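First comes the structure, then the notes that go with it.
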Amino acid sequence: MPYPLDAAAVRTWCGLALEALGRERERIDAINVYPVADGDTGTNLYLTLESAARAVEAAFDGHGSAGTQPDLAAAVGAMAHGALIGARGNSGTILAQLLRGMAQVLAAAPTGGSGAADALRRALRRAASAAYEAVAHPVEGTVLTVATAAADAAELSAAAGEAAEVARAAHQGAVKALRATPEQLAVLGQAGVVDAGGCGLVALLGALADALSGEVTAEPVAVQAGGPVPEAAGCAVMPPGADGCADPHVGGPAFEVIYLLEAGDADVARLRDRLDRLGDSLVVVGGDGLWNVHVHVDDAGAAVEAGIEAGRPYRIRITHFGAGPRAKEPALAPRAVVAVMPGAGLAALCADAGATPVTVRPGEPPASGELVQAIRQAHAREVMLLPNDPELRHTAAAAAEQARAEGVRVALIPTRSAVQGLAALAVHEPGRSFDQDMVAMTAAAGATRYAELAVAEHRSWTMAGVCQAGDVLGLIDGDVVVIGPDLARTAMTVLDRMLSAGGELVTLVLGADVPASLAEGLERHVRERHLAVDTVVYEGGAHAAPLLIGVE
């Protein structure tokens, strides 16, 4: 007897689908040759659906009194949302969009009779359409083709039937389409296998039919056309000499980038265009302000930066596909420091201390690709990354993720100023454990208050009042606290404010056009006004601020 299309059926569907993908996971991984032969499609589908199943269970647990359950809209909504936030890989991202498309229709569906059957037909069609819309460049012979065939078969099922009959027809249509995928996509034909993502969808639709009919079939998915199941992933199922067997990633992008993104529709539309120019296998799914972004690129940092410009990316995952053999390189150093520094003088100071500097000009912040390149040039197994600017936190985080994907252990030290970077560098000790060194450098940076003196370019409002063009601004921890007529008197006021809370060491970094007499006057001021406080002076060089101050 058919079961109603309600929240309980969705819960059962999740459970049966998770069991089916668990059984088929290794078999699906083994035939994963498109778009990248990395042998993880089955695993990614399983993990995506596992997230969906957890969300459905949470909807039931949070519903309230025993014996009651959420409505169908809440259950399918939870399933779609769970898949969206937990989507893995290209296949998992498309699966999340398929489930979202179904949820958009099923949320208002009746639970039984021809009404439920008709709603399921429309849900399957919406799922296929949504998946095509999410993929930048749809390819036939993939899961998209299988989803369309399932929707076609569902629409041809008995008009007055039950939802279970529609689901069974959709499953059978998907199986038939899956068998034809090697004829539609050359790489599948060469390998003698069917599409891996399509296999996962067949398993999912079979579980839906079982959940609604109460007849558990548990039939294995036929993963290879006219032959036994392959025993290994990728090239093991391809004939000798087939393209890509030496290295399935040669000629393709080096990284897979996935992140969740909070952004509006217009910003996401621009993001799609930008990512499409950066790489391939672009899939952007979601809506209502929350999106899951998937793309294959050579510059992972640029892909993350595009997300930062569009909205707020988080849960960023960067996977390095691997590369062919490289020329022999020098042995890696155990640990290094990479520091962003404004001005040639500070950069030279870092280099003298053994760090790898990234020199920047005012208004020209480094891209994450530049930071990744500096990490590579440091040629170390472990790297301490000092951004030395609060505006670089996202860029530095993206660079750290990309370097980690390349096998480098990276600690991002949260330095907000060059003087905090100098303080962290001063306590750096490669002989300590990685974690101890990271904690010591972070503590040293956090214990250093920082200030900057700058010249106002135009009249404006500040936290300290209205400034005029040419006024000297004293900023402490990023906020304007003093407006003065000249550099010396403003610097003294800033120093007195900073040292009123205590301190043992003052660091002064002079810009290229600042006379040495200023440093002498400030040293004398500290010596006379603040007992037992030492002062050190460094030349910042061109492009540094007129004066940087650190107090430890």
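Just so it is clear, the structure is predicted and the values come from calculations on it, not from any experiment. The analysis underlying the following values was restricted to heavy atoms, covering all of them including side chains, and did not include hydrogens, waters or symmetry mates.
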Do Ser91 and Asn44 get their side chains close enough for a donor-acceptor pair, meaning under 3.5 Å? no
Which pair of non-hydrogen atoms, one from Leu45 and one from Leu21, has the smallest distance, and what is that distance? O-CD1, 3.9 Å
Drop me the distance from Gln402's CD to Leu371's CG, to the nearest 0.5 angstrom. 10.5 Å
Any side-chain heavy-atom pair from Val135 and Leu282 closer than 4.5 angstrom? no
With sequence neighbours excluded, residues passing ring pair (Phe, Tyr, Trp, His ring centres under 6.0 Å) with His294: His296
Heavy-atom closest contact (Leu178 atom, Pro182 atom, distance): O-CD, 3.9 Å
Salt bridge (Lys or Arg N to Asp or Glu O under 4.0 Å): pairs with one or both residues in residues 84-110, sequence neighbours excluded: Arg100-Asp288
In plain terms, say whether Arg25 and Asp29 are close enough for a salt bridge, that is, a side-chain N and a carboxylate O under 4.0 Å apart. yes
Heavy-atom side-chain proximity of Leu124 to Met102 below 4.5 angstrom: yes
Apply side chain to side chain contact (heavy atoms under 4.5 Å, CB included) to residues Tyr34 and Val139 and explain how you reach the verdict. CA-CA 10 Å; Tyr34 182 85; Val139 174; 3.2 Å; yes
Which value, rounded to the nearest 0.5 Å, describes the distance between Arg126 atom CZ and Leu106 atom CG? 12.5 Å
Hey, are the side chains of Thr181 and Thr142 touching, using non-hydrogen atoms and a 4.5 Å cut-off? no
Nearest atoms (heavy-atom pairs only) where Thr148 meets Tyr132: OG1-CE1, 3.1 Å
Pairwise distance CE(Met384) to OG1(Thr442) - rounded to 0.5 angstrom: 8.0 Å
Suppose we screen for salt bridge (Lys or Arg N to Asp or Glu O under 4.0 Å). Which residues come up paired with Glu140, at least two apart in sequence or across chains? none
Is there a side chain to side chain contact (heavy atoms under 4.5 Å, CB included) between Leu205 and Leu201 once you walk through the steps? CA-CA 6 Å; Leu205 292 174; Leu201 181 57; 4.1 Å; yes
Salt bridge (Lys or Arg N to Asp or Glu O under 4.0 Å) evaluation trace for Asp273 with Arg270: CA-CA 5 Å; Asp273 291 339; Arg270 289 189 292 270; over 6 Å; no
Could you give all pairs that pass the salt bridge (Lys or Arg N to Asp or Glu O under 4.0 Å) test and reach residues 389-400, with sequence neighbours left out? none
Counting C-beta onward and ignoring hydrogens, is there a side-chain heavy-atom pair between Leu208 and Leu204 closer than 4.5 Å? no
Residues that Ala7 engages under side-chain contact (heavy atoms from CB on, under 4.5 Å), provided they are two or more places apart: Phe60, Gln69, Pro70, Ala75
Using the rule given for salt bridge (Lys or Arg N to Asp or Glu O under 4.0 Å), can you reason through Asp118 versus Arg122, listing the C-alpha separation, both sets of side-chain angles and the distance that settles it, and then say yes or no? CA-CA 6 Å; Asp118 182 60; Arg122 290 186 285 109; 3.2 Å; yes
Test salt bridge (Lys or Arg N to Asp or Glu O under 4.0 Å) on Arg27 and Glu24 and set out the steps. CA-CA 5 Å; Arg27 290 155 49 87; Glu24 304 292 340; 2.7 Å; yes
Determine whether Arg409 and Arg381 make a side-chain contact, defined as any pair of heavy atoms from C-beta on separated by less than 4.5 Å. no
Any heavy-atom pair between the side chains of Val202 and Val146 that's under 4.5 Å? yes
If I take atom CD from residue Glu183 and atom CG from residue Leu188, how far apart are they, to the nearest 0.5 angstrom? 11.0 Å
Looking at residues at least two apart in the chain, or sitting in another chain, which of them share a salt bridge (Lys or Arg N to Asp or Glu O under 4.0 Å) with Arg416? none
With side chains defined as the heavy atoms from C-beta onward, is the minimum distance between Val283 and Asn90 less than 4.5 Å? yes
List in chain and number order the residues that pass side chain to side chain donor-acceptor pair (under 3.5 Å) with Glu309, two or more places apart in sequence or in another chain; answer none if no residue qualifies. Arg274
Decide if atom CD of Glu26 counts as having more than 12 heavy atoms of other residues, nucleotides or ligands within a radius under 6.0 Å. no
Side chain to side chain contact (heavy atoms under 4.5 Å, CB included) between Val193 and Val33, intermediate numbers included: CA-CA 9 Å; Val193 297; Val33 297; 4.2 Å; yes
Validation row: Asp210, Arg168 side chains within 4.5 angstrom (heavy atoms): yes
Atom pair OG1/CD of Thr43 and Glu50 - distance to nearest 0.5 Å: 11.0 Å
Step-by-step side chain to side chain contact (heavy atoms under 4.5 Å, CB included) determination, Thr395 to Glu305: CA-CA 7 Å; Thr395 301; Glu305 285 175 358; 3.5 Å; yes
Which atom pair, heavy atoms only, marks the closest approach of Ala116 to Leu5? O-CD2, 4.0 Å
Might you point out which heavy atoms bring Ala59 and Ala78 nearest each other, and give the distance in Å? CB-CB, 4.0 Å
Atom of Leu144, atom of Ala131 and distance for their closest heavy-atom approach: CD2-CB, 3.6 Å
Gap separating the OG atom of Ser129 from the CG atom of Leu98, nearest 0.5 angstrom: 10.5 Å
Partners meeting side chain to side chain donor-acceptor pair (under 3.5 Å) with Gln184 (sequence neighbours left out): none
Quick one: list whatever passes ring pair (Phe, Tyr, Trp, His ring centres under 6.0 Å) with Phe255, sequence neighbours left out. His320
Partner residues of Glu401 under the side chain to side chain donor-acceptor pair (under 3.5 Å) criterion, sequence neighbours left out: Arg404
For Ile85, which residues count as a side-chain contact (heavy atoms from CB on, under 4.5 Å) partner, sequence neighbours excluded? Ser51, His81, Leu260, Leu290, Arg315
Please identify each residue that fulfils side chain to side chain donor-acceptor pair (under 3.5 Å) with Asn388, with sequence neighbours left out. Thr415
